[in-house]
Amino acid sequence: MDALPDFQLLRPASLGDVLKARTEYPDARLLGGGTDLMVNIRRGIVAPTALIDMKNVTELRAIKADAKGIEVGASVTLTELAEHPEVGKYYPVVAQAAAHIAGPTHRNMGTVGGNICLDTRCIYYNQSEWWRSANNHCLKTTGTICHVAPKSRGVCFATFSGDLAPAFLTLGAEVDIIGAAGLRTVPLNSIYIGFARQDTPVTETFGDGKYYLSLRPGEFVTAVRAKNISGLRSAYDKIRIRRSIEYPVAGVAVALRREGDNLVDLRVAFTGTNPRPVLLTGTERLCGRTFDERALKGLEELVRDQVMSMKTTFTPGHYRRRVAGVLARRLVTRLFNS
Amino acid sequence: MAKILDITLNGRKRADAVPNNLLLLDYLREVVGLTGTKTGCDGGECGACTVLIDDRPALSCLTLAASVQGHRVDTVESLGRGGHLSAVQRGFHEKLGSQCGYCTPGFIMASVGLLRRNPNPSDTEILDALGSNICRCTGYVKIIEAVKHAAQLQAAGVAP
Ligand SMILES: Cc1cc2nc3c(=O)[nH]c(=O)nc-3n(C[C@H](O)[C@H](O)[C@H](O)COP(=O)(O)OP(=O)(O)OC[C@H]3O[C@@H](n4cnc5c(N)ncnc54)[C@H](O)[C@@H]3O)c2cc1C
Ligand code: SF4
Ligand code: FES
Ligand code: FES
């Protein structure tokens with residue numbers, strides 16, 4: 001039995017108490033189901049001095065979903081989200097993404113807040129303490145170089161792998177973020193700043209695999225919300241090394257509208273590929289006509305330009321990009337013809 | 001830093017002082033002395049540590065003991081009373097769902113969780129429900145048969 005580093009544990013029952021705990025322990029980390037954070041604590045990757053257990057915060061435990069919109073509290077579990085009848089009926093992409101996360105026991109534990117804010121992953125990072133120290137650590141922790149791209153100038157390419165983000169991105173979702181300064185509501189896309197650009201320094205809006213969220217110190221996510229768009233067809237699919245329990249090699253969410261023979265709206269978002277979930281830009285160029293070979297080619301080009309090909313996982317980077325493109329093509333074709 | 005933990009463990013109420021950083025897995029094995037629950041990995045990948053929290057399968061290796069305050073926890077030791085195996089235990093025994101046995105307590109608890117929600121699961125439902133558990137020996141076919149057999153034993157009232 002290896003003891004974990006000691007920490008204070010707070011178990012607030014209301015949002016007010018969470019905020020109080022945050023002021024009292026400014027360095028505290030939020031603990032959802034712990035299916036990501038506890039692993040990292042056990043592996044000595046992080047050592048928070050205080051944890052705030054979010055599971056009992058009543059205000060954050062609700063799902064509201066109907067023909068008008070969907071709103072999910074941060075402490076809702078993935079099982080609750082995946083099994084919610086209205087979510088499955090009106091927002092299939094969300095229910096399918098939730099049902100594809102980890103395995104069933106993990107989904108009983110894992111929360112929506114933890115999934116939206118999931119730490120980025122890399123084969124040089126998600127390892128035991130001795131493995132990482134034998135390898136002299138890396139930029140994302142205490143090391144000085146990136147083993148994936150040793151020539152990178154201080155940039156980390158660790159991959160965002162949460163499955164809910166791409167699903168909600170295709171719905172144009174927004175998130176509620178609360179902190180000492182109050183509540184702000186921002187587009188979900190804007191909290192993901194893992195652009196990993198070699199030519200721009202890390203700022204509040206441009207980050208990398210290490211600084212992948214735009215949340216300010218002390219801030220946290222309380223809810224994610226989207227409006228229903230009538231006629232939108234949506235679905236989620238992903239490829240993983242083991243089908244029953246694994247992070248995505250690549251995951252893709254697609255939402256589209258078809259009028260007559262024409263594609264009139266197309267949203268495609270990926271996870272498991274870049275340090276941020278990627279909502280493809282430029283898809284409007286594929287709309288306004290039928291979805292044919294030419295459109296497929298156009299989609300392929302967008303994927304090639306926007307999906308990263310760094311080798312942060314077991315599979316070669318270019319394989320992951322190919323897989324992402326193939327998954328997207330299959331899903332768009334299926335939804336267009338359904 | 002410690003807390004008093006009040007839980008209902010295998011049907012019995014108890015209270016222990018637990019440090020904040022004690023995992024439920026280590027609480028069960030080292031504090032209570034129930035070693036049926038196994039440690040198979042260093043982080044949520046194998047399911048050997050599966051227990052039920054309020055009837056739902058959970059990984060005790062990623063759960064803090066102090067966070068199950070006020071909840072019901074059931075381990076593999078809760079099954080089988082008075083020298084008689086429970087339906088799921090009998091299923092695994094009679095259909096050879098266990099070889100080296102290391103993964104078995106985890107598989108059994110995930111299966112018990114499934115049968116409490118769904119007493120008559122299909123093959124796919126069994127596969128889905130056991131997706132968080134890994135077995136190096138059996139090849140899973142025998143495990144699926146074991147769970148189906150357990151469901152029949154339960155339905156026939158032969159074993160609880
Ligand atoms: C074997 C295995 C396989 C997995 N496979 C997948 C997979 O396929 N897809 C996938 O997406 N995930 C996967 N996961 C990861 C995980 O189970 C899920 O992402 C889960 O949703 C994480 O939620 P949690 O509540 O457990 O997060 P936690 O571990 O509790 O927290 C994760 C991070 O989010 C922060 N956080 C928690 N709540 C909030 C909040 N409200 N606001 C801001 N920050 C917050 C925490 O501080 C922490 O940094 C897997 C995990 C394991 C162990
Ligand atoms: S991408 Fe580089 S810096 Fe980032 S976690 Fe991997 S090895 Fe470390
Ligand atoms: S010990 Fe492997 S999942 Fe808990
Ligand atoms: S019986 Fe040996 S690991 Fe499953």
Side-chain angles (χ1 to χ4, degrees), chain A residues 1-11 13 31-45 47-56 77-80 82-83 99-110 114 126-131 240-247, chain B residues 1-3 5 18-31 35 39 41-71 106-107 109-111 113-114 117 125-134 140:
Chain A
M1 165 175 139
D2 289 330
L4 300 179
D6 201 11
F7 44 74
Q8 185 54 260
L9 176 66
L10 299 124
R11 310 196 60 235
L31 176 68
T35 55
D36 179 46
L37 185 58
M38 286 310 296
V39 180
N40 290 354
I41 294 177
R42 291 193 62 180
R43 292 183 176 165
I45 293 174
T49 52
L51 292 178
I52 302 176
D53 184 349
M54 301 292 284
K55 283 190 298 291
N56 304 315
T77 69
L78 300 170
T79 300
E80 288 162 351
E83 290 179 353
H100 273 83
I101 295 168
T105 307
H106 300 85
R107 293 194 291 273
N108 288 341
M109 305 170 70
N126 300 99
Q127 298 288 356
S128 64
E129 177 82 43
W130 66 262
W131 196 104
R240 37 184 172 175
I241 305 234
R242 290 177 299 187
R243 196 154 49 100
S244 70
I245 166 184
E246 198 56 89
Y247 285 93
Chain B
M1 288 172 271
K3 288 194 171 43
L5 166 65
V18 295
N20 285 336
N21 61 353
L22 185 70
L23 294 169
L24 179 59
L25 173 66
D26 295 328
Y27 166 77
L28 294 170
R29 293 181 55 89
E30 317 273 337
V31 178
T35 53
T39 313
C41 67
D42 73 341
E45 291 170 349
C46 74
C49 65
T50 306
V51 299
L52 301 184
I53 301 178
D54 298 337
D55 294 325
R56 285 266 182 195
L59 301 173
S60 61
C61 74
L62 299 183
T63 304
L64 292 172
S67 77
V68 296
Q69 166 67 25
H71 292 274
F107 268 100
M109 293 319 284
S111 306
L114 167 66
R117 287 191 311 283
E125 285 167 336
I126 296 172
L127 272 174
D128 285 348
L130 301 182
S132 289
N133 297 71
I134 287 174
Y140 303 103

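No experiment lies behind these values; they were computed from the predicted model shown. In what follows, every chain begins at residue 1, and chains take the letters A, B, ... in the order their sequences are listed.
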Handout entry: Test side-chain contact (heavy atoms from CB on, under 4.5 Å) applied to Asn21(B) and Ile41(A), Leu51(A), Asp6(A), the passing residue
Key = Asp6(A)

Exercise for the section: For each of Cys41(B), Ala58(B), Ser67(B), tally heavy-atom pairs with chain A at distances under 4.5 Å, and name the one with the top tally. Expected result: Ser67(B)

Completion exercise
Scored by heavy-atom pairs under 4.5 Å with chain A, the best of Thr50(B), Leu64(B), Asp128(B) is Leu64(B)

Handout entry: side chain to side chain donor-acceptor pair (under 3.5 Å), paired with Asp42(B), selected from Arg43(A), Gln127(A), Arg42(A)
Key = Arg43(A)

Problem - From CG (Leu130(B)) to CD1 (Ile245(A)), nearest 0.5 Å - result: 11.5 Å

Practice task
Could you grab the distance from atom CG of Leu62(B) to atom OG1 of Thr35(A), nearest 0.5 Å is fine?
Solution key: 7.0 Å

Less than 4.5 Å to any heavy atom of chain B: does that hold for the side chain of [X], its backbone, both, or neither?
X: Leu31(A); value: side chain
X: Arg243(A); value: neither
X: Asp53(A); value: side chain
X: Leu37(A); value: neither

Completion exercise
The interface call for Ile134(B) against chain A, heavy-atom contacts under 4.5 Å, is side chain

Handout entry: Region of Ala66(B) in contact with chain A, defined by heavy-atom distances below 4.5 Å
Key = both

Residue, of [options], that accumulates the most heavy atom pairs under 4.5 Å with chain B:
options: Arg107(A), Arg242(A), Arg11(A); result: Arg11(A)
options: Asn40(A), Val39(A), Asn126(A), Thr79(A); result: Val39(A)
options: Lys55(A), Met109(A), Glu246(A); result: Met109(A)

Exercise for the section: Compare every heavy atom of Pro104(A) with every heavy atom of Ser132(B), then report the nearest pair and how far apart it is. Expected result: OG-N, 3.2 Å

Completion exercise
Correct closest heavy-atom pair for Asn20(B) and Leu9(A) would be ND2-N, 3.4 Å

Practice task
Side-chain contact test, heavy atoms from C-beta onward, threshold under 4.5 Å: evaluate it for Leu59(B) versus Met38(A) and give yes or no.
Solution key: no

Problem - Check: Asn108(A) and Pro57(B) side chains under 4.5 Å, non-hydrogen atoms - result: yes

